[in-house]
Amino acid sequence: MPVGDPRFGKVYPCPQCSQAAGREGRRQLLRQMSNLDAYAGQTFDTFRTDVHTLTDSQAGSLRQARELCIRYAAEPQGWLLLQGGYGCGKTHLAAAIANACVDAGMVTLFLTIPDLLDHLRSSFGPSSEISYDELFDRVLNVSLLVLDDLGAESPTPWALEKLYQLVNHRYSYRLATVFTTNADPETLDARIRSRLLDEHLTRSIKIDAPDHRRGSFTQTENPLTNLTLYADMSFDTWDRRSDLPQTHRDNLQRAFDLARRYAEAPAGWLVLTGSYGCGKTHLAAAIAGYRQLQGDQALFVTAPDLLDHLRATFGPGSLVTYDWLFNDIRNAPLLVLDDLGVENASPWAREKLFQIIDHRYRARLATIITMSRPLDEIDERLASRMSDPARGTVFAITAPGYRGRKASGKRTELPRPAEKTPSRRRTTPR
């Protein structure tokens, strides 16, 4: 400034620098308020959809979810619901939305549901820096709220009531909200579910991708599936059983045609019943193998092995958690459950099987079940769902088992064991 100016010799901040510093200061303040420190690196740029172990449909699902979230972040209005299994990328995308909105200057808050409830509980304590009313009001009215892990909360009456109050308030005022969940919406509180699934407010997408945290299993390496053990059971190796009477051959041909049609477009349920060795496992494995060749996920497991896998997760040396494994089974795009009914029918086993079958029944997920017992001899809750004609088809294979038979149809005789020399009987009492 010229000599004589009252500002001469004094330091003043550059207006442009002040404006930039103000923007950066606000951004830092917003980030601090948003609870996003742990998710700073989770952006749309770091979200990968090109993992080589993914099938085309899985990669496409991730790309579609990413594009939807980018559009929502550009104009955050209404609600967005991200569904999918553990580790599929829901939280990353939700955090990416929150990070993009914070950078754009929007007041944002990112919270997991269990953490939110813990914060609310702790606000009642004498050492709390913020009152319950102030904290709850901040969550109720924040411009953008991201709620991660809906359904993971402890379902106490207090927790359900607080969550309902929050959801209902933001529903009534149409406040921008993002939800992520790996729970079936049908299991949520009915009041919350009805608002969450309002098509006039909520855009939703279900991500079909495996858990990226568990490593890079390929279809044939997944330790849960037994499909590699049945690699020789394909449609090409199906035995036409020409030695059987015509009625049995016609029955087998209908079973074969039904399985081929199902393999082309798996939808609903297919339940195959029949005696041991009649071919039901062969057809189920052929369907799963065919879908795998098309690049789809197919989980093939016997009912006893499935329960053993679930029990093993409780051991100290287990590499996977029970929750992950149970969720993987319940939500597999195609599940083949072989030999249902031969498992140990303990109360725990019955309950786990019911939870899996009931979930897949309500979610309308492609499912194949084979069993040697008639439907009226298994748990009534399972039988009622498996026999529902609106879900799929029950087909009884009437042909006898082919194991141990010659081409002529006669049963192979096993050699008799050689006779042993009679041993001298004991004369002393036992």
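Basis for what follows: all heavy atoms, side chains included, without hydrogens, waters or symmetry-related copies. None of these values were measured; they are calculated from a predicted model.
- Aromatic ring orientation, Phe300 versus Tyr230: tilted (interplanar angle from 30° to 60°).
- Between the side chains of Gln292 and Asp296, no donor N or O sits under 3.5 Å from an acceptor N or O.
- Using a 30° and 60° split on the angle between ring planes, Trp158 and Phe124 fall in the perpendicular class, above 60°.
- Within the structure, salt bridge (charged side-chain N to carboxylate O under 4.0 Å, His left out) contacts touching residues 226-235 (residues at least two apart or in different chains) do not occur.
- Heavy atoms from other residues, nucleotides or ligands lying under 6.0 Å from CD of Gln64 number 12 at most.
- One side chain, Gln297 or Gln58, offers a donor N or O that lies under 3.5 Å from an acceptor on the other.
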Where do Ser204 and Leu80 land on the side-chain contact (heavy atoms from CB on, under 4.5 Å) test, with the steps shown first? CA-CA 6 Å; Ser204 64; Leu80 179 64; over 6 Å; no
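- Side-chain N or O atoms of Tyr72 include one that pairs as donor or acceptor with a backbone N or O of Gly78 at under 3.5 Å.
- Without hydrogens or angle criteria, Asn168 side chain to Tyr164 main chain gives no donor-acceptor distance under 3.5 Å.
- Salt bridge annotation for Arg311-Asp308: present, with a cationic side-chain nitrogen under 4.0 angstrom from a carboxylate oxygen.
- Between the side chains of Tyr171 and Asp198, at least one donor-acceptor pair of N or O atoms lies under 3.5 Å.
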Might you work through the side-chain contact (heavy atoms from CB on, under 4.5 Å) test for Gln83 and Ile207, ending with a clear yes or no? CA-CA 6 Å; Gln83 302 178 69; Ile207 301 175; over 6 Å; no
Could you give me the CA-CA distance, side-chain angles and deciding distance for Ile378 and Met371, then say whether side-chain contact (heavy atoms from CB on, under 4.5 Å) is met? CA-CA 10 Å; Ile378 66 170; Met371 52 190 298; 3.5 Å; yes
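- One side chain, Thr46 or His92, offers a donor N or O that lies under 3.5 Å from an acceptor on the other.
- No donor-acceptor pair closer than 3.5 Å links the side chain of Trp269 to the backbone N or O of Pro389.
- Summarising the geometry, atom CG belonging to Leu270 is positioned 10.0 Å from atom CZ belonging to Arg261; distances are rounded to the nearest 0.5 Å.
- To the nearest 0.5 Å, atom CZ of residue Phe326 and atom NE2 of residue His359 are 9.0 Å apart.
- Residues Asp305 and Val301 approach most closely at CB-CG2, 4.0 Å, considering heavy atoms.
- By the side chain to side chain donor-acceptor pair (under 3.5 Å) test, Thr177 is found to be paired with Trp79, Arg170, residues two or more places apart in sequence or in another chain being considered.
- Taking the centre and axis of the six-membered ring of Phe256, the NZ or CZ atom of Arg240 falls inside the cone set by 45° and 6.0 Å.
- Side-chain atoms of Ser275 never come within 3.5 Å of backbone atoms of Cys278 as a donor-acceptor pair (strictly under, hydrogens ignored).
- No side-chain donor-acceptor contact under 3.5 Å links Ser122 to the backbone of Leu120.
- Leu283 and Leu272 get closest at one heavy-atom pair: CB-CD1, 4.1 Å.
- Rounding to the nearest 0.5 Å places CZ of Arg195 at 9.0 Å from CG of Asp189.
- Residues passing the salt bridge (charged side-chain N to carboxylate O under 4.0 Å, His left out) test with Asp388: none are found, sequence neighbours excluded.
- The environment of Asp257 atom CG is dense: over 12 non-hydrogen atoms of other residues, nucleotides or ligands sit within 6.0 angstrom.
- Note that Arg364 lies outside the cation-pi zone of Tyr361, set by a 6.0 Å cut-off to the ring centre and a 45° limit from the axis.
- Minimum interatomic distance between Ala94 and Thr180 (heavy atoms only, all atoms of both residues): CB-CG2, 3.7 Å.
- Partner Leu116 forms a side chain to side chain contact (heavy atoms under 4.5 Å, CB included) with one of Asp149, Leu166, Asp148 and no other, that one being Leu166.
- A donor-acceptor pair under 3.5 Å is formed between the side chain of Thr367 and the backbone N or O of Leu365.
- A salt bridge links Glu161 to Arg191: one of the charged nitrogens lies within less than 4.0 Å of a carboxylate oxygen.
- Residues Glu264 and Tyr290 have side chains that bring a donor and an acceptor to within less than 3.5 angstrom of each other.
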Leu145 vs Val178, side-chain contact (heavy atoms from CB on, under 4.5 Å): CA-CA, chis, key distance, verdict: CA-CA 6 Å; Leu145 177 63; Val178 177; over 6 Å; no
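- Electrostatic pairing of Glu351 and Arg381 counts as a salt bridge here, judged by a charged N lying under 4.0 Å from a carboxylate O.
- Between the CG atom in Leu306 and the CG atom in Asp339 there is a gap of 12.5 Å [rounded to 0.5 Å].
- Checked against salt bridge (charged side-chain N to carboxylate O under 4.0 Å, His left out), Arg391 has no partners two or more places apart in sequence or in another chain.
- Using a cutoff of 4.0 Å between basic side-chain nitrogens and carboxylate oxygens, Arg362 and Asp184 are scored as salt-bridged.
- Note that the CG atom of Leu337 and the CG atom of Leu299 stand 9.0 Å from one another [nearest 0.5 Å].
- A donor-acceptor pair under 3.5 Å is absent between the side-chain atoms of Ser61 and the main chain of Ser57, judged by distance alone.
- Nearest heavy-atom pair across Leu375 and Ala383 is O-CB, 3.5 Å.
- The two residues Ala263 and Pro266 make their nearest non-hydrogen contact at O-CD, 3.8 Å.
- Nearest heavy atoms, Gly279 versus Ile397: C-CD1, 4.4 Å.
- Residues satisfying the salt bridge (charged side-chain N to carboxylate O under 4.0 Å, His left out) criterion with Glu377, sequence neighbours excluded, are Arg373.
- Residue pairs meeting the salt bridge (charged side-chain N to carboxylate O under 4.0 Å, His left out) criterion with at least one member in residues 65-92, sequence neighbours excluded, do not occur.
- Interatomic distance, CD1 of Ile356 versus CD1 of Ile329, reported as 5.0 Å (0.5 Å rounding).
- Side-chain N/O atoms of Asp137 and Asn141 include a donor and acceptor closer than 3.5 Å.
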